Amino acid sequence: MASIITIYLHIRSTGYLFALTSFTPLLLGIKPPQATSDKLLGGAMLFVAAFVFVYYTIWALLLPFISSDSTLHSLFPAREWAIKLPLFLLLSGIAAIGLFFARVTLSEARKKAAKGGKKV
């Protein structure tokens, strides 16, 4: 404990108080409370991504080579959706990014116009 106080006094005298207060929990081996929830969220996201990858790979790449009499075909939608669904998601994502870019650009133009006295 004395060494932490010594480090604290040294850091405070040099002006690096933020550095010590930021790393004190790490020095003492205390995990921040968000660490557990972040790990759970990350693990869940990884699980969902792996499941979607395996499901789509079986659906789009392996299912055409399995006979149509198999019950495995009943677990998947029609093969035409293996192209339509990713295409729809891609176009929706591009549209969302474009709308976000347009919104930010317009708000920046309004801020500049407000500073300059012009109307946009």
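All values reported here derive from a predicted model rather than from experimental measurement. Sequential numbering from 1 along the given sequence is applied to the chain's residues.
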- [ ] Mark yes or no for whether S70, through its side chain, and I66, through its backbone, hold a donor-acceptor pair below 3.5 Å.
- [x] no
Task: Common cluster, F53/L62, ILVMFWY with side-chain heavy-atom separation under 4.5 Å - done: yes
Open item on the list: Can you list everything that forms a ring-ring contact (aromatic ring centres under 6.0 Å, His included) with Y56? Sequence neighbours excluded, please.
Closed with: W59
Open item on the list: Could you measure the distance from the CD1 atom of I58 to the CG atom of L63? Nearest 0.5 Å is fine.
Closed with: 9.0 Å
TODO: Could you grab the distance from atom CZ of F101 to atom CG of L106, nearest 0.5 Å is fine?
DONE: 11.5 Å
Open item on the list: Using a 3.5 Å distance criterion without hydrogens, assess whether the side chain of H73 forms a donor-acceptor pair with backbone atoms of S67.
Closed with: yes
- [ ] Flag yes if L72 and V54 sit in one hydrophobic cluster, no otherwise; membership is Ile, Leu, Val, Met, Phe, Trp, Tyr, and two members link when side-chain heavy atoms are under 4.5 Å apart.
- [x] yes
Open item on the list: Quick one, F76 and Y55 - any side-chain contact, counting heavy atoms below 4.5 Å?
Closed with: yes
Open item on the list: Return the CE to CG distance between M45 and L40, rounded to the nearest 0.5 Å.
Closed with: 13.0 Å
TODO: Show your reasoning for whether side chain to side chain contact (heavy atoms under 4.5 Å, CB included) applies to L99 and R103.
DONE: CA-CA 6 Å; L99 288 173; R103 180 177 165 216; over 6 Å; no
Open item on the list: With rounding to the nearest 0.5 angstrom, report the CG to CG distance, L89 to L85.
Closed with: 4.5 Å
TODO: Flag the pair K115 / K112 as yes when at least one side-chain heavy-atom distance between them is below 4.5 Å, and no otherwise.
DONE: no
